[in-house]
Amino acid sequence: MTQNASGDRANPVVDAVVLGAGFAGLYMLHLLRDRLNKNVRVFESADGVGGTWYWNRYPGARCDIPSHHYSFSFSEELEQEWNWSEKYAAQPEILAYLEFVAKKFDLAKDITFRTRVNAAHYDEADKLWIITTNQGEVVRARYFIPAVGTLSDANIPEFKGHESFAGEVYVTGKWPKEGVDFAGKRVGIIGTGATAMQAIPLIAEEAAHLTVFQRTPNYGTPLRNEPMTPEVDRAVKENYRELRRQAWESFAGVPFDRLKPSALADSDEERLKQYEACWEDGGFSLWIGCYADTLFDERANKHTADFVRAKIRARVKDPAVAEMLCPPESQAYGTKRQPCETNYFETFNRANVTLVDIKSHPIEEIVPTGLRTSNAQYDFDILIYATGFDAFTGAMFKIDITGEGGLPLKDYWSAGPRTLFGLAAHGFPNMFFITGPQSPSVLFNMPLGIEMHCEWIAQCISHMDANGYASINADPDAEQQWIRHTKEMADATLLPEATSWYLGANIPGKPRVFMVYLGGGKHYKDVISRCAAEGYTGFTLTPVTCDALAQ
Ligand code: N01
């Protein structure tokens, strides 16, 4: 056991504490432990690795970036060893992949499972983080890296009477391991976001009846998943480096080869041809691989919105139901996260599915047998909340984090997150975020974005070691400038107009601040790489004192 600067022998000092064992926590552990030879503790509340892919076991959960891209790039051996069975892997396969990664790199031995961190307090005198778990363990760490995920704190609206429901209740983001048997059951699901659009078609196939409570219709487009063929797998594996290079050149970390500059520059005929081609490609092709001005120009956006509405009307037999499923003209296309679906709209042609508009007739109360809206009561045996997440800040605020002067992170971020590059916050030295707010984060291929951040953090720690620095702290001016820049980039697009979780608009009382950096992954990577190359401009690095060295 190491004695720390204040002579506290009771609580060991480690180099770093990492929270979470998803993509981010696993890679951070690997880099710090195996490349920098650091002593690292990882705490994970679940009983296994996987993070998002551990918890989101609801029917239909799968990635919507092709599996070959939605994977780690840091190990060529890993890329070659792992075989994806589908173009877009389903949750069990992604979880199995992360378990494979953990085994291959021998990560589990440094992860403490079934343990939640309750508090992390920065001790200015010792320049150490004091981390307390729900098991009563206290660990002191030089670096604190909450890799808790951006979409990990489930949002469960507290409707009046919410505890009164007598049937089974499930939350998509905390789905039971043993699964749910819907056979012969009447099911009610609240929410029609990306999650619900994946789950609804599969639940409808099993349940006796499914009632979908929709507040906002969504512009879903087909995913077009298919089995992986040996030919495609071989072609990717032979060409992986080039594909990753293309991914890094792209806006969102996944290459699209049809992208044209402007929907307004094409004739009606050319535009329709382009839309149809992207529609057939599936996935995010229409959203970010079609026209570069879709999310920037209202007129360009309206063309795409009209195209998707026409597709919905063609897929849904009952015109009244089709109209309910069509987002209104006032709702721009793709300003909420584009959901990718398989048979979602056709599901509403089934006799056992009912769509209920809770915008015009809101839910008033959950009752023991179901729920009551302002004009009707609906009874069911199972109630599902597919109501999303308190994104970015929800999971962070569940931990009592205090920085310099005992300032709670919750207070520092009371008007919205304040970060430099989404990597660090002023007054919270030696604490790093992974895909944090104000970084490209959720609008970039997550595994690649995670690698970018973990590598930046590891390089920074290595630089501090090499140059005798004890702490690194974001400068308030640089932070303010980055916040302003993030806002400017967002304001240049149509995205801040939507009532989306990108803005915190899904959580009552949450400040409405656009939380994603929209300058594109490539540009962002250049910015943070330059910062590192120039000796961490925008940060203050404090040398190790003689006192500390003497310990
Ligand atoms: O959550 P959401 P999600 N009363 O917030 C409704 C990622 N993801 O879990 O739109 C009634 O999008 C809400 O209505 P409204 C992806 O980044 C990835 O579906 O606020 N309804 C909406 O319909 C995605 O964007 C994959 O009016 C309420 C729904 O619940 C993110 O996760 C797959 C309500 C919530 O939709 C979140 O998606 C799935 C209330 N009080 C998800 N509160 C991949 O493929 C909320 N709603 C990798």
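Whatever order the structure lists them in is the order used to number ligands and atoms, beginning at 1. Scope of the values below: all heavy atoms of this structure, side chains included, with no hydrogens, waters or symmetry mates.
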Please confirm whether Trp53 comes within less than 3.5 Å of ligand 1 when only nitrogen or oxygen atoms on both sides are compared.
no
Measure centre to centre between the rings of Phe72 and Trp82, then say whether the value is under 6.0 Å.
no
NZ/Lys510: more than 12 non-hydrogen atoms of other groups inside 6.0 Å:
yes
Lys336 N/O to ligand 1 N/O under 3.5 Å
yes
For atom CG of Asp257, decide whether the heavy atoms of other residues, nucleotides or ligands shown that lie under 6.0 angstrom number more than 12.
no
Should one rank Val212, Asp64, Ile94 by closest heavy-atom distance to atom 48 (C) of ligand 1, which comes out on top?
Asp64
Flag if over 12 foreign heavy atoms under 6.0 Å of NZ, Lys174
yes
Does NZ or CZ of Lys525 come closer than 6.0 Å to the centre of the six-membered ring of Trp248, within 45° of the ring's axis?
yes
What atoms in ligand 1 come closer than 4.0 Å to a heavy atom of Thr192?
22 (C), 23 (O), 29 (C)
Salt bridge (charged side-chain N to carboxylate O under 4.0 Å, His left out) assessment of Lys185 paired with Asp181:
CA-CA 8 Å; Lys185 301 276 177 61; Asp181 182 6; 5.4 Å; no
Distance filter under 4.0 Å to Thr216 heavy atoms, resulting ligand 1 atoms:
10 (O), 15 (P), 27 (O)
Side chain, backbone, both or neither: which part of Phe213 has a heavy atom under 4.0 Å from ligand 1?
neither
Considering only heavy atoms of Trp501, which atoms of ligand 1 have at least one such atom less than 4.0 Å away?
5 (O), 12 (O), 17 (O), 24 (C), 25 (O), 31 (C), 37 (C)
Phe74 vs His30, ring-ring contact (aromatic ring centres under 6.0 Å, His included): CA-CA, chis, key distance, verdict
CA-CA 11 Å; Phe74 71 86; His30 172 60; 5.2 Å; yes
Would you mind checking which non-hydrogen protein atom is closest to atom 14 (O) of ligand 1, with the distance to 0.1 Å?
Arg215 NE, 3.7 Å
Gln198: numbered ligand 1 atoms lying under 4.0 Å from its heavy atoms:
33 (C), 39 (C), 45 (O)
Give the atom numbers and elements of ligand 1 that come within less than 4.0 Å of a heavy atom of Leu151.
7 (C), 17 (O), 31 (C), 32 (O)
Heavy atom of Tyr58, distance to ligand 1 below 4.0 Å:
yes
Glu451 side chain reached by Phe23 side chain, heavy atoms, under 4.5 Å:
no
Report the part of Ile358 in contact with ligand 1, treating N, CA, C, O as backbone and CB onward as side chain, heavy atoms under 4.0 Å; options are side chain, backbone, both, neither.
side chain
Heavy atom of Tyr70, distance to ligand 1 below 4.0 Å
no
What do you reckon, does Arg62 have a nitrogen or oxygen under 3.5 Å from a nitrogen or oxygen of ligand 1?
yes
On the ring face of Tyr54, is Arg57 found with NZ or CZ under 6.0 Å from the centre and within 45° of the axis?
yes
Can you check which of Ala194, Gly191, Ala386 brings a heavy atom nearest to atom 35 (C) of ligand 1?
Ala386
